[in-house]
Amino acid sequence: MSVEGLAYVAAVALLAGLYLSAHTFEPSCVDDCHGYTGLMGMSVFAPDYWIWVRDMFRGFAVPVIYSAFGEQNEYSEAAIVYFQAVTALAAWFFFALVVSSFVTGRWRRFLVFVLIASGMFSRGYLRFDDRLLSDSLALSLVLAWFALIMKPEPVMAYLASRCGKAALPVFLATIALMTAFVTSARDTNAFLVVFGVPLAFAQIRRVGGARLGAGPTRVAAVTAALMMAIVVLQLSTAGRRNSANVANIIVGMVIGDSSRTAFFVRHGMPVSLAQLDRPQALRDASTLRAITDNRALVLGALTSTRNEARAKARTFIRSEARLVYATWLVTHPEYVVRNVRES
């Protein structure tokens, strides 16, 4: 093996050792977890399964993946957190390998690989590997998706050699399945996919579609259209979830802070909502974020207050509040920077 190959093996071994040793591998079930785990043990082919998924706070990807581990118990929960950690590790390596392949110079390429792969130590997502939530898998799926669209040649070549005339439909089905799981894992991922569609079009067109039995522009255009159709479908089903999130933001972040409340009122928030009385559990912003033993009590208070807010100002929350919040973020970059730093 070359010196460069040995360097990659050593880097992968070191990063993997440090990453896995940073985990407790003790499953933690908080927040949305109960929606996912409640479906474990139920057949994904049962009609009731999809009725439950339809009304869930997240999309179908995470509950379907969790359901593959069988009925909920201490062994299946442990298997899930191990799976999340290993999947995250593989996704970061795959993503780093693909991005670094565009760099010239073998040692520069190696340094870029190590630098990007070190993103796995992001504090927030490292902690989420041990939690039965959507965060860890959502990031892993989007990393793998971006790696695929940045470097589609190996997949296209493999399908052309193994599937013959069926290579194109199999390729499109693979892209559709991955995109559906990525966007369903987290609504935010849908916007990342939108930004990735031009990249997917350019890369697939560059590779050429002849090996799949079609022109490169046609394959790229069909792939991009398929991605956008899945994004539209995902976002069209996300209205209820987004409305609940906006209500959470107003109740947890806006009301109680005089300057934020004044800004929202100036931009159309009803005064009755600004005067909403919040429980003591919601008056400390740090309490909303902390994962502690009384988390269920805090979330219960948040849910009841959120429902009251939606009853008082349903039209504002559904139609106007998101634009007001976006305007507030744009005009208050220090808040955004502080949250990025904390994450």
Side-chain angles (χ1 to χ4, degrees), residues 19-20 22-42 44 49 52-92 119-145 180-192 234 237-238 240-242 244-245 248-249 252 286-303 306 339-340 342-343:
Y19 184 76
L20 295 176
H23 291 73
T24 64
F25 293 111
E26 296 176 1
S28 172
C29 185
V30 295
D31 295 4
D32 308 332
C33 160
H34 300 288
Y36 311 142
T37 57
L39 289 167
M40 294 176 67
M42 185 186 300
V44 295
Y49 187 96
W52 191 334
V53 168
R54 183 189 61 194
D55 295 328
M56 194 176 289
F57 192 65
R58 302 286 180 208
F60 70 86
V62 175
V64 166
I65 292 172
Y66 282 11
S67 294
F69 290 86
E71 190 173 345
Q72 182 187 9
N73 53 51
E74 60 180 310
Y75 301 107
S76 59
E77 289 183 355
I80 287 172
V81 297
Y82 276 102
F83 172 77
Q84 290 187 156
V86 172
T87 301
L89 184 68
W92 274 108
M120 68 178 70
F121 296 104
S122 170
R123 185 182 67 177
Y125 279 97
L126 182 64
R127 291 179 178 177
F128 276 113
D129 286 346
D130 289 334
R131 293 177 183 162
L132 302 178
L133 294 172
S134 64
D135 303 72
S136 175
L137 286 174
L139 178 64
S140 298
L141 288 169
V142 83
L143 286 171
W145 184 87
F181 267 83
V182 167
T183 57
S184 178
R186 201 81 179 203
D187 290 333
T188 310
N189 284 359
F191 295 100
L192 295 176
Q234 170 64 22
T237 64
R240 186 184 63 83
R241 294 195 296 274
N242 290 336
N245 276 329
N248 284 341
I249 290 168
S286 62
T287 304
L288 285 170
R289 300 186 182 191
I291 306 297
T292 58
D293 292 338
N294 69 337
R295 181 68 173 171
L297 296 175
V298 173
L299 291 178
L302 180 63
T303 300
R306 176 187 73 205
N339 274 269
V340 171
E342 290 175 359
S343 296

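As the structure is a prediction and not an experimental result, all values here were calculated from the model. Below, all heavy atoms of this structure are taken into account, side chains as well, without hydrogens, waters or symmetry copies.
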- Can Tyr75 and Phe69 be said to form a ring pair (Phe, Tyr, Trp, His ring centres under 6.0 Å), step by step? CA-CA 9 Å; Tyr75 301 107; Phe69 290 86; over 10 Å; no

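- Under the 30°/60° scheme for interplanar angles, the aromatic rings of His23 and Phe25 are found to lie parallel.
- Look at Arg186 and Asp135 and you find a salt bridge, because one of the NZ, NE, NH1 or NH2 atoms lies within 4.0 Å of a carboxylate O, short of that distance.
- Ser67 and Tyr36 share no donor-acceptor pair across their side chains, judged by distance under 3.5 Å alone.
- Considering every non-hydrogen atom in both Ser136 and Ala88, the closest pair reads OG-CB, 4.5 Å.
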- Task: Report the C-alpha distance between Asp130 and Ser28 in whole Å, list the side-chain angles of each, state the deciding distance to 0.1 Å, and finish with yes or no for side chain to side chain contact (heavy atoms under 4.5 Å, CB included).
- Result: CA-CA 6 Å; Asp130 289 334; Ser28 172; 5.7 Å; no

- Evaluate side chain to side chain contact (heavy atoms under 4.5 Å, CB included) for Ser184 paired with Gln234, printing each intermediate quantity in order. CA-CA 7 Å; Ser184 178; Gln234 170 64 22; 4.1 Å; yes

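- In this structure, SG in Cys29 is found 6.5 Å from CD in Gln72, a value given to the nearest 0.5 Å.
- With rounding to the nearest 0.5 angstrom, the CZ atom of Arg127 is 11.5 Å from the OG1 atom of Thr24.
- We find the CG-OG1 distance between Leu143 and Thr87 to be 11.5 Å, quoted to the nearest 0.5 Å.
- Between Ala91 and Ser140, the shortest heavy-atom distance links the atoms CB-O, 3.6 Å.
- Here the side chains of Leu139 and Phe128 are not in contact, with every heavy-atom distance at 4.5 Å or above.
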- Can you list the steps and then say if Tyr49 with Leu39 is a side chain to side chain contact (heavy atoms under 4.5 Å, CB included)? CA-CA 7 Å; Tyr49 187 96; Leu39 289 167; 3.7 Å; yes

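- Taking the six-membered ring where the residue is Trp, the centroids of Phe181 and Phe60 are separated by under 6.0 Å.
- Under the side chain to side chain contact (heavy atoms under 4.5 Å, CB included) rule, Val142 has a single partner from Asn189, Leu137, Thr183, which is Asn189.
- Of all heavy-atom pairs between Ala185 and Ala61, the closest is N-CB, 3.7 Å.
- Annotation: side chain of Met40 is in contact with side chain of Ile80 (closest heavy-atom distance under 4.5 Å).
- One finds the OG1 atom of Thr37 at 10.0 Å from the CG atom of Leu133 (value rounded to the nearest 0.5 Å).
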- Task: Start with the C-alpha distance between Asp129 and Tyr82, add both sets of side-chain angles, then the distance that settles side-chain hydrogen bond (donor to acceptor under 3.5 Å, both in side chains), and finish with yes or no.
- Result: CA-CA 8 Å; Asp129 286 346; Tyr82 276 102; over 6 Å; no

- Stepwise, does the side-chain hydrogen bond (donor to acceptor under 3.5 Å, both in side chains) test hold for Tyr66 with Glu77? CA-CA 9 Å; Tyr66 282 11; Glu77 289 183 355; over 6 Å; no

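- Distance alone, capped at 3.5 Å, places no donor-acceptor pair between the Gln84 side chain and the Ala79 backbone.
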